[in-house]
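Since the model is a prediction, treat every value here as computed from it, not as a measurement. Chain A is the first sequence line, chain B the second, and so forth, proteins listed ahead of strands; every chain is numbered from 1.
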Number of protein chains: 2
Amino acid sequence: MVERLAAAERHKALQGVPGWREVDGREAIARIFTFKDFNEAFGFMTRAALVAEKNDHHPEWRNVYKTVEVVLTTHDAGGITRRDIDLASAMDAIARQFGVA
Amino acid sequence: MVERLAAAERHKALQGVPGWREVDGREAIARIFTFKDFNEAFGFMTRAALVAEKNDHHPEWRNVYKTVEVVLTTHDAGGITRRDIDLASAMDAIARQFGVA
């Protein structure tokens, strides 16, 4: 099983995904993506969903028109793991293809 | 522009979509759908997204693995309109195809 990152490892790993912040009161990371419109927002979600499903590691996410709020954590590990950092990084890469840096 | 439904009309319209409830403190309707797994939950979302985009009327929704929480309101009208009831009904029909009654 993948292991929960301790604080120092977590802080280091988060430097690789600077758009993400740690969630207050919960071991999780979050980012809000804002796209041009619903088409792009849901296009992003669809691509991210395929990555999530392939890796069997899924986001908690909320979509309102052109925004997508994502929270990532690893329930099995009780905190943030490498899998969250990897999914965050993959989502960033997909968002960049929609022009969201 | 589509008109906000007054209370009596709203209550009558909601009888046609019995899985939906009015949201406390806000003129909106909500339903939580629970599917078998992420594949079915996101499959539902994809089909619903196409309906939403076609009708230019979009949900607020949150997905956590196999659950999809949906809130519908018509921002332009400041409340619940026929468009919300229609989207609720369309989402119910899609969910039924995934075996969710």
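Between chain B and the residues A:Thr67, A:Asp37, A:Asn63, the largest count of heavy-atom pairs under 4.5 Å involves A:Asn63.
For the salt bridge (Lys or Arg N to Asp or Glu O under 4.0 Å) condition, the pairs that include at least one residue of residues 52-64 of chain B, sequence neighbours left out, are A:Glu60-B:Arg62, A:Arg62-B:Glu60, B:Arg26-B:Glu60, B:Arg62-B:Glu69.
In terms of modelled atom types and a separation under 3.5 Å, the side chain of B:Thr73 and the main chain of B:Gly79 share a donor-acceptor contact.
Two residues are said to be in side-chain contact when any heavy atoms from C-beta on lie closer than 4.5 Å; B:Leu5 and B:Ile85 meet this criterion. With contacts defined as side-chain heavy-atom distances shorter than 4.5 Å, the pair B:Val2/B:His57 does not qualify.
Heavy-atom neighbours of chain B within the stretch residues 38-48 of chain A, taken at a separation under 4.5 angstrom, comprise A:Phe38, A:Asn39, A:Phe42, A:Met45, A:Thr46.
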Original post:
Could you walk me through whether A:Val51 and A:Leu87 pass the side chain to side chain contact (heavy atoms under 4.5 Å, CB included) check?
Top reply: CA-CA 8 Å; A:Val51 172; A:Leu87 183 52; 4.1 Å; yes

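Here the straight-line distance linking atom CD of B:Glu9 with atom OG1 of B:Thr81 works out to 11.0 Å at 0.5 Å rounding.
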